[in-house]
Amino acid sequence: MPQTPTLVAMFDSSCFHRNLYQSKEESCSDLYYQDNNLLSGSLEALIQHLVPNVDYYPDRTYIFTFLLSSRLFIHPSELMARVCHVCMEQQRLNEPRLDKSQVRKIAPKILQLLTEWTDTFPYDFRDERMMRNLKDTAHRITNGDEMYRKNVQQIMQNLIRKLAALTQYEELITKINAQSTDRMTVLKTKPQSIQRDIITVCSDPYTVAQQLTHIELERLSYIGPEEFVQAFVQKDPLDNNENCYSDRKKTRNLEAYVEWFNRLSYLVATEICMPVKKKHRARMIEFFIDVARECFNIGNFNSLMAILSGMNMSPVSRLKKTWAKVKTAKFDILEHQMDPSSNFYNYRTALRGAAQRSLTAHSNREKIVIPFCSLLIKDIYFLNEGCKSQLPNGHVNFEKFWELAKQVSEFMTWKQVECPFEKDRKILHYVLTAPIFSEDALYLASYESESPENHIEKDRWKTLRSALLGRA
């Protein structure tokens with residue numbers, strides 16, 4: 001079986017998109033190379049290039065790149081059917097009398113391709129058509145020789161285990177979301193039930209930062225790499241069928257991750273606006289500054305940005321008397337690190353530093369890199385929008401897809417890190433389920449704490465008191 005370096009190492013190298021096993025297609029006029037780099041090709045030729053034969057196995061970076069990006073113009077189930085068809089025709093696996101020696105030459109390579117597909121893009125196989133094609137192809141190989149039956153069983157067991165874990169995770173997220181309620185509703189019905197705040201649950205900001213990292217890494221681990229591409233799938237440029245891609249926008253885990261960011265931001269703002277006394281609000285701000293600083297030290301940039309976003313919400317930032325009591329030096333440094341100017345230059349520099357530390361890490365703690373997710377999505381969006389998927393000659397623009405794959409492959413490494421910190425279920429439960437204020441309720445709490453400063457704020461305060469509290 002051809003062996004290649006790890007995926008990220010290959011994408012990080014200067015020739016990350018060089019195919020190492022090109023003997024099959026180099027002479028094909030439907031694939032265009034420049035300096036030994038594949039830049040474009042017809043869809044049919046690219047599919048042919050994915051399928052191994054006796055003398056050829058595609059480079060691992062090509063497999064990842066094509067399986068990741070091809071969904072922009074062909075449904076995974078259709079791709080799987082075409083790959084299986086090429087396998088059958090090429091190796092004559094559909095003939096009643098199979099040549100066992102021929103099967104033994106090609107079977108390990110076909111099984112390796114199926115292993116890479118099921119390992120890296122397991123969520124594709126939630127589609128019954130995908131699973132049917134997988135079983136059919138595997139059956140034709142094992143039907144010819146018993147020695148590969150165990151390999152197929154291993155592929156299927158690993159895939160089923162991953163899909164079962166995903167289902168369990170999705171059910172857990174649904175359950176957590178059902179437990180999370182609006183704080184204003186709870187205040188009106190059971191005010192005594194939410195006397196606690198984050199500091200009463202855990203007064204140590206370092207421990208809270210570690211628990212946030214637990215949540216981040218768990219949710220990251222369930223995001224499929226294809227979700228970053230599927231988030232932007234619209235109509236297929238190579239097909240005139242309006243509705244053929246309606247089921248492709250499967251980005252549930254990515255959406256759940258973005259929702260977590262929003263929840264954390266609103267939780268921070270709620271915790272700051274909730275206390276009646278100014279000194280308690282100031283203490284809460286300083287607490288979250290320390291949590292954010294520890295997130296930065298850990299490499300948890302997503303939680304860091306969520307906390308800063310919460311502290312920069314208007315209902316929080318307008319509390320001038322509260323902020324006057326806060327020592328803001330540490331906050332100013334964090335704000336500088338996450339400053340959006342120059343396309344987040346400071347953050348990107350810090351992210352590169354964390355990524356470099358991760359490469360040479362001796363412990364899981366040093367390996368942690370949790371990027372600011374919304375910016376990663378934005379980067380991939382602009383890369384997708386900025387380059388055409390199809391060239392004027394009808395070829396697929398594979399140069400664009402190398403770049404997409406390079407960005408997503410880095411994420412693939414970061415999401416596989418195991419969290420080194422011990423879980424604290426009490427803190428996790430609070431952070432995930434504590435009632436939070438809506439935007440209107442945050443403004444009301446802010447005005448109740450520090451009076452409106454102008455007529456616009458006074459009018460809004462009256463409206464909110466009437467709408468949320470039933471008071472004039």
Side-chain angles (χ1 to χ4, degrees), residues 5-13 16 60-61 63-65 67-69 116 119-123 162 165-166 169 173 209-231 251-261 264 292 294-307 337-338 344 346-381 383 402-421 423:
T6 62
L7 194 60
V8 155
M10 294 183 71
F11 276 104
D12 280 346
S13 67
F16 69 91
R60 197 174 171 207
T61 56
I63 295 171
F64 177 77
T65 301
L67 293 182
L68 174 73
S69 303
E116 294 206 38
D119 279 354
T120 314
F121 301 95
Y123 304 167
K162 286 186 178 186
L166 174 63
Y169 165 74
I173 295 299
Q210 291 173 0
Q211 298 312 302
L212 294 179
T213 303
H214 257 295
I215 297 168
E216 296 281 353
L217 287 173
E218 180 184 44
R219 298 207 173 193
L220 270 184
S221 70
Y222 284 100
I223 298 173
E226 72 281 358
E227 294 190 47
F228 288 101
V229 174
Q230 287 174 171
T251 56
R252 191 182 307 174
N253 304 300
L254 187 59
E255 288 167 11
Y257 191 53
V258 172
E259 286 166 9
W260 150 247
F261 178 95
L264 181 53
E294 182 58 16
C295 285
F296 179 83
N297 292 336
I298 289 171
N300 180 357
F301 297 105
N302 201 56
S303 286
L304 165 61
M305 186 53 106
I307 293 168
Q337 286 290 349
M338 304 303 284
F344 285 90
N346 293 340
Y347 157 70
R348 292 182 191 277
T349 303
L351 181 67
R352 279 197 301 273
Q356 195 60 41
R357 177 188 68 184
S358 180
L359 289 174
T360 57
H362 298 293
S363 68
N364 273 349
R365 170 158 187 152
E366 293 174 325
K367 287 181 184 177
I368 296 171
V369 184
I370 302 172
F372 173 30
C373 187
S374 295
L375 188 60
L376 176 59
I377 294 170
K378 183 182 172 185
D379 287 346
I380 293 172
Y381 171 78
L383 174 57
W402 289 127
E403 293 301 326
L404 275 174
K406 190 177 181 183
Q407 287 206 20
V408 176
S409 69
E410 209 167 25
F411 163 83
M412 289 288 289
T413 301
W414 297 337
K415 83 179 195 121
Q416 289 165 10
V417 174
E418 287 187 28
C419 191
F421 310 119
K423 272 189 178 182

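Values below: all heavy atoms of this structure, side chains included; hydrogens, waters and symmetry mates excluded.
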TODO: Find out whether T360 and E366 are in side-chain contact, i.e. whether some heavy atom of one side chain is under 4.5 Å from a heavy atom of the other.
DONE: no
Open item on the list: Tell me the closest heavy-atom pair linking S303 and L212, and the distance in Å.
Closed with: OG-CB, 3.7 Å
Task: Close side-chain approach of M305 and F344, heavy atoms under 4.5 Å - done: yes
Open item on the list: How close do L68 and P225 get, counting heavy atoms only, and between which atoms?
Closed with: CD1-O, 3.5 Å
Open item on the list: Set out, in order, the CA-CA distance, both residues' side-chain angles and the distance that settles side-chain contact (heavy atoms from CB on, under 4.5 Å) for L166 and N253, then state yes or no.
Closed with: CA-CA 9 Å; L166 174 63; N253 304 300; 3.7 Å; yes
- [ ] Quickly, which of W414, F372, Y347 forms a ring pair (Phe, Tyr, Trp, His ring centres under 6.0 Å) with F301? Name it, please.
- [x] Y347
- [ ] Would you sort out whether F228 and L376 count as a side-chain contact (heavy atoms from CB on, under 4.5 Å), showing the intermediate values?
- [x] CA-CA 9 Å; F228 288 101; L376 176 59; 3.8 Å; yes
TODO: Check for a donor-acceptor pair, side chain of H214 on one end and backbone N or O of C419 on the other, with a separation under 3.5 Å.
DONE: no
TODO: Decide yes or no on side-chain contact (heavy atoms from CB on, under 4.5 Å) for Q416 and K367, but give the supporting numbers first.
DONE: CA-CA 10 Å; Q416 289 165 10; K367 287 181 184 177; over 6 Å; no
- [ ] Nearest 0.5 Å please: distance from the CG atom of L351 over to the CG atom of N346.
- [x] 12.5 Å
Open item on the list: If I take atom CD from residue Q210 and atom SG from residue C295, how far apart are they, to the nearest 0.5 angstrom?
Closed with: 10.0 Å
Open item on the list: Between K423 and E418, does any side-chain N to carboxylate O distance fall below 4.0 Å?
Closed with: no
TODO: Measure from the side-chain N and O atoms of E116 to the backbone N and O of I63, and report whether any donor-acceptor pair falls under 3.5 Å.
DONE: no
- [ ] Supply the atom-to-atom distance M338 CE to F296 CZ, rounded to the nearest 0.5 angstrom.
- [x] 8.5 Å
Task: Inter-residue atom distance Q337.CD - L304.CG, 0.5 Å rounding - done: 8.5 Å
Open item on the list: For a quick test of reading the model, state the closest non-hydrogen atom pair linking L254 to C373 and the distance between them.
Closed with: CD1-SG, 4.1 Å
TODO: Output the distance between atom CZ (F421) and atom CG (N364), rounded to the nearest 0.5 Å.
DONE: 9.5 Å
TODO: Give a yes or no on whether Q356 atom CD has more than 12 heavy-atom contacts from other residues, nucleotides or ligands under 6.0 Å away.
DONE: no
Open item on the list: Quick check: closest heavy atoms across A165 and Y222, and the distance to 0.1 Å?
Closed with: O-CE2, 3.7 Å
Open item on the list: Any side-chain to backbone donor/acceptor pair from R219 onto V258? Under 3.5 Å, distance only.
Closed with: no
TODO: Test E226 against T120 for side-chain contact (heavy atoms from CB on, under 4.5 Å), laying out the working first.
DONE: CA-CA 9 Å; E226 72 281 358; T120 314; over 6 Å; no
Open item on the list: Tell me the closest heavy-atom pair linking R357 and I298, and the distance in Å.
Closed with: NH2-O, 2.9 Å
Task: Nearest-0.5 Å distance that lies between atom CD1 in I223 and atom OH in Y123 - done: 9.0 Å
TODO: Before giving the answer on salt bridge (charged side-chain N to carboxylate O under 4.0 Å, His left out), spell out for R365 and E294 the whole-Å C-alpha distance, their side-chain angles and the decisive distance to 0.1 Å.
DONE: CA-CA 12 Å; R365 170 158 187 152; E294 182 58 16; 3.0 Å; yes
Open item on the list: If you compare all heavy atoms of P420 against all heavy atoms of I368, which two are closest, and at what distance to 0.1 Å?
Closed with: CD-CD1, 3.7 Å
Task: Listed partners of R348 passing salt bridge (Lys or Arg N to Asp or Glu O under 4.0 Å), at least two apart - done: D379
